[in-house]
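Bear in mind that the values here come from a model prediction, so they are computed numbers and not experimental data.
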Amino acid sequence: MDLSLMNRAQYEAITTTEGPVLVMAGAGSGKTRVLTHRIAYLIEEKDVPSYNILAITFTNKAAKEMKERVDKLIDDDTSKMWISTFHAMCVRILRRDIDKLGYDRSFSILDTTDQLNVVKDVLKSMNIDQKQYPPRQFLNAISNFKNALITEKEAKENAYDFREKLNADIYTSYQEILYRNSALDFDDLIMLTIQLFQKDEAILNYYQTKFQYIHVDEYQDTNHAQYQLVYMLSQKYENICVVGDSDQSIYKFRGADIMNILNFEKDYDNVKTILLEENYRSHQRILDAANNVIENNTSRVPKNLVTSRGKGEKITSIVSQNEREEGQRVVKQIQKLKNEGYRFNDMAVLYRANSQSRAIEDALVKSSLPYNMVGGMKFYQRKEIKDLMSYMKVVLNIHDDIAMERIINTPKRGIGPKTIDTLKQHANALNSSIYDAIKDADFIGLSKKNAENLAQLLSVLENLKEKSKFMSITDLVDEILHDTGYLNMLIRENTLESNSRIENLEEFKTVTKEFDETHTIGDELLFDFLSDMALVSDQDSVDDTDAVTLMTIHASKGLEFKVIFIVGLEEGLFPSYRSMDTEEELEEERRLMYVAITRAMERLIISRATSRTIFGRTNNAMESQFWSEIPADLVEGESLISVYDGRSSNSKKRPRSKSQVFTDNSGVTFNVGDKVTHKTFGDGMITAINGSGDSEELDIVFSKVGPKRLLAKFAPIEKKG
DNA sequence: CGTAGCAGGTTTTTT
DNA sequence: ACCTGCTACG
C-alpha cells in the first residue's frame, strides 16, 4: 500500500491503529482520505478481517462515498464491513434484537411529521390548547430528553415546575403510543440501542467483540446518546479513532455536544492526538478569509489553516437592492464563470435558510440555467409519496396506527374523523390497534356501511401482505396503487395537481427499481426498504447532470466546489436573528460561515441585499457582521453593470415599470440622519424628509455635490451600515 | 361526511 | 407569501 503521498500527520493518523486516536482535522485537510486509507491499511497491512471494522458517518452520502473509496483502495471483499450512519447502524442492531425490549421486529420509523401528529394527539387527549402550547416545543423537549438519555421516569422525577412536569407527561404518553405501534423516532434508534446493550450484556459483548476497530467521522457533531453508544462499543478493545473539527460544529440545535470532541482526551486513556492543518482544497485567499472569520470566536482551540495551493483570485462581493436582484446578479456571475471555463457542476449557491432558495431558483429558471436543489420541499414528504409509504408500512405491520390513520380514508371510503375517533378509543381501551378495533366493528356501533367499507379495506391489505412476500418492491407498489384504488382516484381527479402526483409516483418507482436491483425478494425486503427510506434524505440522491447546486450551508458540510456563492449575508438572516441572543449561539453561526467559506476551492463570491422581503414584508437589511470580518483587501466588488437590461427572456410577461428598471425603494424606511450612498452623487446624509408614501422626498446633503432633493421611492440610493 | 373558503402562524439548521 | 387547520355549509 502506497502511503508516500501522505504528509507526516496523515501518515501518523493512518498507521496508529491501536488505542484511542483523536484526529483534529481542519477543513480540507484530507480527513476522508485519512479514514479510507486507515481502513485499507488495517485490512491490507494488519490483516484485520473487514468483519471487525466499524466506521460511523453522519450522512448516508458520506457513508456511501467512504465505502466506494475503500473499495477502490483494496481488492478484498469489503461487504462485511460496517460503514454506515449512526441511525442505519442502530436499525441493523435493533432489527435483530429489539423484541427483547418488547417492540416488534418489524418496527416502523417515524418522520418529523408523524412525530408531530402523535404529539398533537396527546395534546388533544389531555385537553391542552395547541395555540398556547405549540406541539413543536414538546417535540423538541422529547428529543432533548432522548439525546440526553433521560427516560420518561427520570424526566418525571426531575420535573420541578409546571412546564417540566407537562413535558415529562407528554413524553410519557408519546412514548406509550410509539411503543404500542412498535414505532421508533430517530432519537429512539440511538437510545433504544443503548437500552438494549444495558439490558442484555451478551448482545453488547457480541458487538464489542465484533467491532475491534471503530471509526467515527464528524465527531464534533455527536450528541450525548451517540457519544455513549460509541463509548460502550469501544470498551473492550479501545481501538477507537475519532475525526472531527471543532470549528465545524454546527448541530448544537439538535443536541450535538462540542464537549464530546474537546473532552475526548479525558474520556479515554492514552489518547494520541493528531492535528491535520495542511489544507489541500482551497486557495490561500479563501483560507485567509476563513481564518479571519473564525478567529472572532473566543471559545476555540487556536488553529490556522495553511495551503500550498496558490494565492488565488480575490473574493468577489455583490451588493444588490433586493433578493430578486441578488438572484439575477448571482446568475450573471454564474454565466460569466461558465464562460471562463467552469462547469455548472463546479458551482454551488449556499444559503442560511431554505426559504432563500426561491429567489435564486427564479433567476436560474428565467435564464434557463440547469440547477439541482437539495433539501427544501422534500420529495419523500410529498403527500402521495407519504400515502404510498403508509400503505407499505401497514402492509408490513398492520398494527401501525400512525400509518393506518393516514390511509384509512385515502382514497375516500366514507370514514370520517368521528369514525376514526371511535376506532381509536376502542383500540385504546383494549390496548390494541385500529386493526383490532375494525375486527370488532360490529360491537362498537359503527354503521353498517362503515363496517363494510372497513372490512373491504382489511381484506385488500391482508391480500397485499400475502402478495408482498413474493414480489419485488416495484411490483408491490403497482399492486398497492391498483388494489387500493389510489391510482384510480388520481386518474379520475384529472387535474394538473393529480397528474403531477401520478408523475411523482412514477418517479418513486425509479427509486424502488434501484432498490430491487440490489436486493432479493423475501421476508426482509419490505422492512429493509422502508427503513432505508426513513433514513435517506434527498441529499443522497446523486445527480450527475451538469447543473448548479443549491443548498443550505448545513447540507454542504463535507462537500467541496470550485466555486462557492454565499448569499444573503445580512444581519438577522445570517447570522439568524434567533441566534443572536447569546454569544454561544452566535459562535455557532460563525462556524457555519466558516464551513461555508471553506467549501470553496478556487472562487468565492459573497452576496447581500440592502433590502429583503420576508413574510411578504420588506425590510432593510444591514450588512452581516461576518461580511465585515473578511479583510477588505481580500475582496473585490463586482463592477456594477445594471442587470435590469431588458434582455431577460421573460421580460415580456410583465413589463417593468421605470421604478424597477432603476431602483425601487418602496418598503425601505428612511430617517433623518441616515447615511446613504447614491449611484452617481456618492456618499451623503439625509437632512430632511418631506411628504410620505410614493411622493416622499428626501433632502440629502452629498459630500461631493452638496444638497439635493430626491424622490425617495426612485432615488438610486442605498442606506449605509 | 366532504369541501370550500378563511384565519392564523410561520422560517434555522436534519438523521 | 404560503401552508395548515378550522368552520360553515351542502
Please determine if a side-chain N or O atom of [X] lies less than 4.0 Å away from the OP1 or OP2 oxygen of [N].
X	N	value
N354(A)	dT11(B)	no
T552(A)	dT14(B)	yes
K120(A)	dG5(C)	yes
N223(A)	dT15(B)	no
K412(A)	dT3(B)	yes

Value in whole Å for how far the [atom2] atom of [N] lies from [atom1] of [X]:
X	N	atom1	atom2	value
R136(A)	dT10(B)	CZ	P	10 Å
I250(A)	dT13(B)	CD1	P	12 Å
I415(A)	dC1(B)	CD1	P	8 Å

Inset, instruction - Give one of base, sugar-phosphate or nothing for Y251(A), where a contact means two heavy atoms less than 4.0 Å apart. - result: sugar-phosphate
Inset, instruction - Decide whether T410(A) and D387(A) meet the rule of one side-chain donor and one side-chain acceptor closer than 3.5 Å. - result: no
Legend entry - Member of F574(A), Y251(A), F58(A) meeting the ring-ring contact (aromatic ring centres under 6.0 Å, His included) criterion with H554(A):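 Of the listed residues F574(A), Y251(A), F58(A), the ring-ring contact (aromatic ring centres under 6.0 Å, His included) partner of H554(A) is Y251(A).
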Legend entry - By ring pair (Phe, Tyr, Trp, His ring centres under 6.0 Å) - contacts of F515(A) (at least two apart):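 Checked F515(A) against ring pair (Phe, Tyr, Trp, His ring centres under 6.0 Å); matches are H519(A), F529(A).
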Inset, instruction - Measure from the side chain of R358(A), starting at C-beta and using heavy atoms only, and say which of dC2(C), dT11(B), dT14(B) lies closest. - result: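 Of the options given, the side chain of R358(A) lies nearest dC2(C).
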Legend entry - Results of salt bridge (Lys or Arg N to Asp or Glu O under 4.0 Å) for D114(A) - residues two or more places apart only: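 Partners of D114(A) by the salt bridge (Lys or Arg N to Asp or Glu O under 4.0 Å) criterion, ordered by chain and then number, come out as K386(A), K393(A).
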